[in-house]
Amino acid sequence: MLSLAILISGRGSNMENILKAVKKNKIPIKPVIVISNKPDARGLAIAQKIGIRTEIIDSNGFKGGNWEYDSKLVSVLEKHGVTPQNGLICLAGFMRIMSPEFIRHYKGRIMNIHPAILPAFPGLHSQRQALEYGVKYSGCTVHFVDEGVDTGPIILQSVVKIKDNDTEESISKKILKQEHKIYPKAVKLFAKGKIKIVGRKTVIS
Ligand code: GAR
């Protein structure tokens with residue numbers, strides 16, 4: 001069976017949702033470790049309560065995209081059996097850029113959730129970017145991670161309507177609800193071997 005690692009930096013609601021979905025929907029994947037780069041991430045206590053091991057690898061002092069930091073991640077992941085042969089790594093609000101070395105090591109096995117319909121509004125504060133731009137629809141995207149920022153092959157997307165009276169907070173809430181729907185679906189598709197990467201696209205069978 002595949003081994004699942006989830007990387008977080010904060011609240012951990014996507015992590016919680018994936019862990020619960022794995023249990024409930026019998027997704028054929030074994031969650032083995034939750035790693036946070038922030039010692040005070042709220043999601044750590046949630047993971048422990050669910051019964052998943054946690055580790056903190058503090059990124060304080062390490063710039064994003066830094067291999068010295070990411071090699072520590074690889075050591076911890078491999079210690080828990082998350083390998084390039086049998087692992088899936090879900091970034092769930094993990095607010096760091098991964099190094100090219102890390103991405104190459106786990107090629108095609110790292111997923112991310114982004115709170116916008118990519119390629120629109122990559123990077124930070126996507127919900128605010130969408131509101132300020134004045135789009136009528138936004139949403140979320142699950143994608144594989146490649147060496148760019150939020151540029152990897154798209155797996156699933158879900159759209160939400162933006163109303164005139166929406167705020168950054170209300171949009172974020174609507175989008176998060178959709179994130180919780182599509183991220184577990186993407187994990188399930190991957191675990192069942194149903195996602196093929198073809199060039200910069202994915203084909204789902
Ligand atoms: C989510 O909205 C996720 O899409 C976003 O951070 C939030 C984490 O929430 N990720 C990014 O912006 C990545 N660029 P969570 O910790 O409750 O899952």
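We count ligands from 1, going down the list as the structure has it; atoms in each ligand are counted the same way.
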Donor + acceptor pair across side chains of H80, E55 (<3.5 Å): yes
Pairs flagged by salt bridge (Lys or Arg N to Asp or Glu O under 4.0 Å) wherever residues 190-201 is involved - sequence neighbours left out: none
Identify each donor-acceptor pair in which a side-chain atom of residues 156-165 lies under 3.5 Å from a protein atom, sequence neighbours left out, and give them as a table.
from	atom 1	to	atom 2	distance (Å)
Q157	NE2	L118	O	3.1
Q157	NE2	T141	OG1	2.9
S158	OG	Q178	OE1	2.8

Output, or 'none' if empty, a list of ligand 1-protein atom pairs in which both atoms are N or O and the distance is under 3.5 Å, rounded to 0.1 Å.
from	atom 1	to	atom 2	distance (Å)
ligand 1	2 (O)	E179	OE1	3.2
ligand 1	2 (O)	E179	OE2	2.9
ligand 1	4 (O)	E179	OE1	2.9
ligand 1	4 (O)	E179	OE2	3.1
ligand 1	9 (O)	R11	NH2	3.0
ligand 1	16 (O)	G12	N	2.8
ligand 1	17 (O)	R11	NE	2.6
ligand 1	17 (O)	R11	NH2	3.2
ligand 1	17 (O)	S13	N	2.8
ligand 1	17 (O)	S13	OG	2.6
ligand 1	18 (O)	S13	N	3.4
ligand 1	18 (O)	N14	N	2.9
ligand 1	18 (O)	N14	ND2	2.9

SB check D166 K174 (cutoff 4.0 Å): yes
Lys/Arg N to Asp/Glu carboxylate O, R11 vs E16, below 4.0 Å: no
Partner residues of Q129 under the side chain to side chain donor-acceptor pair (under 3.5 Å) criterion, sequence neighbours left out: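 Checked Q129 against side chain to side chain donor-acceptor pair (under 3.5 Å); zero matches.
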